[in-house]
Structure formats: structure tokens, C-alpha cells
Amino acid sequence: MWVERRKSMELKQYSEVESSALNLIVMAAAVNCVSGSNSVNSGCYGLSASVPQLMMLRPLKILLLCCAALYSADIQDHTRSFFKQNFIFLLNSLRIIRRDMASAFPFLASLYLLLLVPTIHGWGKDGHYTTCKLAESYFTQATSTAVQTLLEPTGATDLATLCSWADDVREFLPWSRALHFANVPDDACDFEYSRDCKDSDGNLGRCVVGAIYNYTGQLLDYVNGTQTDYNYTQSLLFLSHFLGDVHQPLHCGHIGDKGGNTIEVYWYNTKTNLHHVWDTSMIYSEEDDFYNQSVDGLVQAINQNMTGIWSSSVQTWQTCSGSPLPCPSIYANESIKAACQWAYPNVTDGTILGDEYFDTRYPVVNWQLAKGGARLGALLNLIFSSSS
């Protein structure tokens, strides 16, 4: 088991980071303007219309202007709520980069804006939300109490709302990038830890499987009262996220196509890549077609299956065939087999994926989401039980 120590950020030149923060502010402003609003948001409009003037501002002023935009009168309630929940946590996260506050301002501006701009990593936000929401339904009282305690620095009360955090910060924590996947050779449909759990420099344990072991160990340190330098809130968020990632089949896909990222396809008439289809596109299509665009509707439907027709399978998923939890190598092996059976066949560059692909694959997506949720719930229950 490897232990990844939090590393100091290697910040780029100050002006470059400022420009990056500004670009993200304008991007977030544009997103907020069009996300369900029938009228232009005045605060957003003011930001996007004044780019030349904003370029002259220092990071603190940029940050304050963005806050003003987010709190303008007609800003969407869910955006304001999400901002409130995460801002305290982001202040706490600044301990990752032990720098003076002047250098931290552009980092903070960029980081919290990434929480507002959609990303396409992992399962996608709805996939990770679903995994963690399903897990919550299995929490014991001890687990619920422990999770609430660990979430206190974030201002959030629901683990599911922060299950995409590891994607949101991966560009600012570059050492974490390799921990989201465990790709295998192009001619393989199985996972082998010694062969496949390595980063690009060949460091063993640097993959999503090793990360699950690592953050499980950190949370056990927390339960046992071991004195360490770990941020256990982040340990919880990383572990919850990676339990989702390891169940996305193309996070354990082939090295040559980077888990489907380099296979360009069309999802109906939209150009994308195969990885994104499994991350996000099928989940959104399912929500649109069956649940009135509601992720909670998807969660409820999967949960009904888990407590009904899939209940015997759930009991099997939550064990490791006689071995102690967790067993992420088994999870990764299941995922690459699913990728070989369902994701890759008859798909090449330029393939148009439509009803036939969707109708036969979205049940696989739901099955994998259910596995991830059941296993995350069982693992956290084990960690936070008095008998750990």
C-alpha cells in the first residue's frame, strides 16, 4: 500500500494564474446566465462585458466581483447554495498549498469556479452523485455521524453533493490524476495489479485500485485516532469518488485509446468520444427519456431495483468472496470485462451511436452504478464501525 503525501502546488507565474482565474470567472458567468434563466443575469453580463477592464484587476478584486455576480438578485438558487456549501471547504483546502495568501488568491478563485463549471471526468457529476446517494441508503447511524463530522469543514450536509470534488480539483492536484483510472494493455480484458496499477513513471500502486486501498487506510487511521498530517475530509471525498470511478468500465479500459478518450464518436448527432458517452451521455439520455431530466429519479429507480429484484446480488457485491473489504482489484476486473463486452464492440472512430447502443448499454451503466453505491456503503460502514 502506498501513501501519497500532499504536495506543495507548483504555481505558474503569477500573471498566468491570474489570467486563468479570469477566464474561468467569465466562463462561469456565461454558464450561470444561460442555465435555466429566461433573462440575462445582470451580474454575469457585467463580468462578461468588461473583460478588458477586468484584466487590470488583482486577484482579490476579481474574486470579489465574481462573488457579487454569484449573489446578484436573479442568480439561480441552486448555484448560490452550491457556492455557499463549497466556499468554506475551499478555504480549508488552501492548506494543501502552504503559500502566503497573496499567492493563494488566484488559486482560490480558479478552484472554486471549477466547482461551478461542468466537468467530464469520472462518471460525470450525475454518475458520482448517484453512486454516493445510493451508498447513503446503506449507512448505519455510526457511519452517518462520522460522515457528517468529516463534512463539517465543507458546510455540506450531504456526501453526494461533493462526490465530484476529486474531479474538480485534479488540475490543481496533478499528483492525483493517475488515481482516477487503471488502464490495461490493448489485448487484455482482465486487470492485474502488478501489471496495470502503475502511473506513467512506472510507480506501483498509482492507479484507482491503489488509491482505494490508500484512502481506506487513511480513514482507518482517523477512526483509530492515529496522529497523521492527513486531511481526513479529503480522504473521505477521494475514497467516495474513486469507488465510483473504478466501476465506470472505461476507467479500466485500454491504454492505447486512453479508456476510450481518443475514440471519436457521435452520440446521436453530437460529436464526442466513447469515454464521455459512458461518463455522461448515456446517464443524461436516460434522465431525459425516463425521469424528466431528474437525477433523483434515476437514483430512486436504481434504489428500487437494489432493494427488490437485485437484492440478492447486492449482498454478493458487498462481500469479497471471503476476503476482507475492500477488494478493488475485483471491481477493476469486472469493469474491464464490461468494457470489452459492452463498450468497445463495433465502435471505431466516426461511429454513430444511437438507440440500439443506448437501449442495450444503459442497463449496464445502472448495474455498475448500483455496484459502486452498494460497495461504497458497505466499505464506509466497515471503516466507521466500532469493530474496524
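All residue numbers refer to positions in the sequence shown, counting from 1.
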* Kindly indicate whether the side chain of Asn183, heavy atoms from C-beta on, has any atom under 4.5 Å from the side chain of Leu250. => no
* Is there side-chain contact between Asn273 and Thr262, with heavy atoms separated by less than 4.5 Å? -> no
* Asked: Under the side-chain contact (heavy atoms from CB on, under 4.5 Å) criterion, do Trp165 and Leu237 qualify, and how do the steps go?
  -> CA-CA 7 Å; Trp165 175 84; Leu237 296 183; 3.8 Å; yes
* **Cluster check Ile255, Val209: I/L/V/M/F/W/Y, side chain < 4.5 angstrom** => no
* Asked: Do the side-chain N and O atoms of Thr228 and Tyr232 include a donor-acceptor pair separated by under 3.5 angstrom?
  -> yes
* Asked: Would you say Asn203's side chain and Asp199's backbone share a donor-acceptor pair under 3.5 angstrom?
  -> no
* Under the side-chain contact (heavy atoms from CB on, under 4.5 Å) rule, what do Leu353 and Val265 come out as? Steps first, then yes or no, please. => CA-CA 7 Å; Leu353 304 177; Val265 299; 4.0 Å; yes
* Under 3.5 Å, side chain of Gln368 to main-chain N/O of His247, donor-acceptor pair present? -> yes
* So, does Gln148 use its side chain to make a donor-acceptor pair with the main chain of Thr157 at under 3.5 Å? -> yes
* Heavy-atom donor-acceptor pair, Ser335 side chain to Val246 backbone, under 3.5 Å -> yes
* **Partner residues of Asn333 under the side-chain hydrogen bond (donor to acceptor under 3.5 Å, both in side chains) criterion, sequence neighbours left out** => none
* According to the side-chain hydrogen bond (donor to acceptor under 3.5 Å, both in side chains) rule, which pairs have a member within residues 355-367, sequence neighbours left out? -> Tyr268-Asp355, Trp278-Tyr357, Glu286-Asn366
* NZ/NE/NH1/NH2 to OD/OE distance under 4.0 Å, Lys133 and Asp158 -> yes
* Structure fact -> For Glu171 and Pro174, the nearest pair of non-hydrogen atoms, with its separation, is O-CD, 4.1 Å
* State, yes or no, whether a side-chain contact exists between Tyr213 and Pro328 at a heavy-atom distance under 4.5 Å. => yes
* Output the distance between atom CD1 (Ile263) and atom NE2 (His275), rounded to the nearest 0.5 Å. => 11.5 Å
* For the residue pair Ala370 and Ile302, what are the closest heavy atoms and their distance? -> CB-CG2, 3.8 Å
Identify every side-chain donor-acceptor pair in residues 312-326 under 3.5 Å, counting partners at least two apart or on other chains, and give the distances.
unit_1 : atom_1 : unit_2 : atom_2 : d
Thr316 : OG1    : Ser312 : O      : 3.4
Gln318 : NE2    : Ala374 : O      : 2.9
Thr319 : OG1    : Thr316 : O      : 3.0

* For Lys125, the option from Thr280, Asp168, Thr161 that meets side chain to side chain donor-acceptor pair (under 3.5 Å) -> Asp168
* Structure fact -> Taken in chain and number order and not counting sequence neighbours, the residues that satisfy side-chain contact (heavy atoms from CB on, under 4.5 Å) with Ser240 are Cys132, Leu159, Cys163, Leu236, Leu376, Leu380
* **Check: Asn303 and Trp310 side chains under 4.5 Å, non-hydrogen atoms** => no
* Asked: Mind checking whether Tyr193 and Leu204 have side chains closer than 4.5 Å, heavy atoms only?
  -> yes
* **Tyr215 and Gln234, any side-chain heavy atoms less than 4.5 Å apart** => no
* Asked: How about Leu239 and Ile383: do any of their side-chain heavy atoms sit closer than 4.5 Å?
  -> yes
* To do: Report the distance from atom CD1 of Ile352 to atom CG of Asn269, rounding to the nearest 0.5 Å.
  => 9.5 Å
* Can you see which heavy atom on His241 is nearest to which on Ser164, and at what distance? => ND1-CA, 3.9 Å
* What's the verdict on side-chain contact (heavy atoms from CB on, under 4.5 Å) for Phe191 and Ser329, showing C-alpha distance, side-chain angles and the deciding distance? -> CA-CA 7 Å; Phe191 172 82; Ser329 289; 3.6 Å; yes
* Donor-acceptor pair, Asn224 side chain versus Thr226 backbone, under 3.5 Å? -> no
* Do Asp190 and Arg195 meet the salt-bridge criterion of a basic N to acidic O distance under 4.0 Å? -> yes
* Look at the side chain of Thr233 and the backbone N and O of Leu150, then say whether any donor-acceptor pair between them is shorter than 3.5 Å. => yes
* Asked: With sequence neighbours left out, what residues match Ile330 under side-chain contact (heavy atoms from CB on, under 4.5 Å)?
  -> Cys327, Glu334
* List the steps and the verdict of side-chain hydrogen bond (donor to acceptor under 3.5 Å, both in side chains) for His128 and Asp245. => CA-CA 8 Å; His128 282 292; Asp245 277 350; 3.1 Å; yes
* Asked: What about Phe290 and Val295, same hydrophobic cluster or not, with Ile/Leu/Val/Met/Phe/Trp/Tyr joined at side-chain heavy-atom distances under 4.5 Å?
  -> yes
* Asked: Closest heavy-atom contact between Pro185 and Asp196?
  -> CD-OD1, 3.3 Å
* **Phe181 reachable from Trp342 in the ILVMFWY side-chain graph, under 4.5 Å edges** => no
* Counting distance only, does the side-chain N/O of Ser311 pair as donor-acceptor with the main-chain N or O of Thr307 below 3.5 Å? -> no
* Answer yes if the side chains of His276 and Ser281 hold a donor-acceptor pair under 3.5 Å, and no otherwise. => yes
* Asked: Do Asp289 and Phe358 have side chains that get closer than 4.5 Å, going by heavy atoms?
  -> yes
* **Ring geometry between Phe238 and Phe242 (parallel below 30°, tilted from 30 to 60°, perpendicular above 60°)** => parallel
* **Heavy-atom pair with the smallest gap, counting every atom of Ala343 and Leu274** => O-CD2, 3.7 Å
* May I ask you to check whether His251 and His180 place their ring centres under 6.0 Å from each other? => no
* **Asn346, CG atom: more than 12 neighbouring heavy atoms under 6.0 Å** => no
* When rounded to the nearest 0.5 angstrom, what is the spacing between CG in Asp126 and CD in Glu287? -> 4.0 Å
* To do: Starting at CD of Gln141, measure out to OG of Ser144 and round the result to the nearest 0.5 Å.
  => 5.5 Å
* Structure fact -> Closest non-hydrogen atoms of Phe139 and Asn381, given as atom of the first, atom of the second and distance, are CA-OD1, 3.5 Å
* To do: Begin from the C-alpha positions of Tyr331 and Arg375 and carry the test side-chain contact (heavy atoms from CB on, under 4.5 Å) through to its verdict.
  => CA-CA 10 Å; Tyr331 313 157; Arg375 286 165 169 167; 3.3 Å; yes
* **Test item: His254 side-chain N/O and Gly259 main-chain N/O as donor-acceptor pair under 3.5 Å** => no
* To do: Please name all residues satisfying side-chain hydrogen bond (donor to acceptor under 3.5 Å, both in side chains) with Asp296, sequence neighbours left out, ordered by chain then number.
  => Tyr129
